[in-house]
Amino acid sequence: MRTRRGFLLGAGATIASAAIPINRRAHAQATGAASRSKTRLILLGTGGGPRPRQSSMSTAQVIIANDVPYVVDCANGVPRQLVVAGVALAKVRHVFITHHHSDHNADYGNLLLLAWASGLRTRVDTWGPPPLEKITRLFFEMSAPDIDVRIADEGRVPLVPLIHPHELTQDGLVMQDENVKVTAARVEHPLVAHALAYRFDAPDRSIVISGDTHRSDSLVKLARGADVLVHEAMWVPGVDRLVAFSPNATTLKKHIIDSHTPVEEVGQDDRLTDQMWVDLASVHFKGQIIVAKDLMEI
Ligand SMILES: [Zn+2]
């Protein structure tokens, strides 16, 4: 059963009355086909929660600007999903983690390791909340037997010096290069101490990734004027069934409700059609809404 999934709120024909204002430039560009856009967004995983499912992978996205991939979140399966999407792992240079829930970071270390095993020889910068540096260091410590053998056996360059983790605790500029400017904002995702949303401003379009969050003013501010907002969403009636077999059902339900965003405040399980998600997400938003699916390109 799926009670949470990614949502896309993008510019469209009716965007003038959108809850999130989109400027004229963005509107004009967003009406073109995504394939004509220089900056691409591919949804690698659109499901919520850490349990592996047949229907979807947990959360990950890649933004490709000038043929450079910027990976946002690393749920279980992200290395293979990138390959399926046509992104060579050896080209990974930038990885962003929204928060340290396993449905967002389970394959963070594996992405770095498997990119290196796929030929990565260049620097990779990673960003996310604390303890990203410790997570990175301990992963490499755990993986040392494999790394050491491959350096000796396959002649690979040392992996550890290539990886540069950066811990984020404040709103503001994360990084800027010739392709994108990345800005982060802290969002509300109790009981997680640090959860972030990211905004990518490229010359041709701007894309915001909410991560997991309850309704958050900082996210509203971050997303203002963006062309595309990828927003998590929760179908509240499904939460009762989700927690039904938990020994901690009451507390768990409160946590889920408090830490995510009801779909009608932004927008499948087998009983929920895409149209039902869209109808609920349309309650307060009049722009174009796309129900996210794995490997969808926007
Ligand atoms: Zn979370």
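As a basis for the values below, the full set of heavy atoms in this structure was taken, side chains included, without hydrogen atoms, waters or symmetry mates. Counting starts at 1 for both ligands and their atoms, in listed order. In this chain, residues are counted from 1 in sequence order.
The atom name of the N/O/S atom in H101 closest to the Zn ion (ligand 1) is ND1. Nearest N/O/S atom of D212 relative to the Zn ion (ligand 1): this is OD2.
Within the coordination shell of the Zn ion (ligand 1), defined by N, O or S atoms under 2.8 Å, H189 is present. Taking backbone and side-chain atoms together, H260 has no N/O/S atom less than 2.8 Å away from the Zn ion (ligand 1).
Of the residues N66, D67, T39, the one that meets the side-chain hydrogen bond (donor to acceptor under 3.5 Å, both in side chains) test with N179 is N66.
When the shell of 6.0 Å around CZ of R156 is examined, it contains more than 12 heavy atoms from other residues, nucleotides or ligands.
Under the 30°/60° scheme for interplanar angles, the aromatic rings of H101 and H255 are found to stand perpendicular.
Residues L162 and R123 fail the side-chain proximity criterion, which asks for heavy atoms closer than 4.5 Å.
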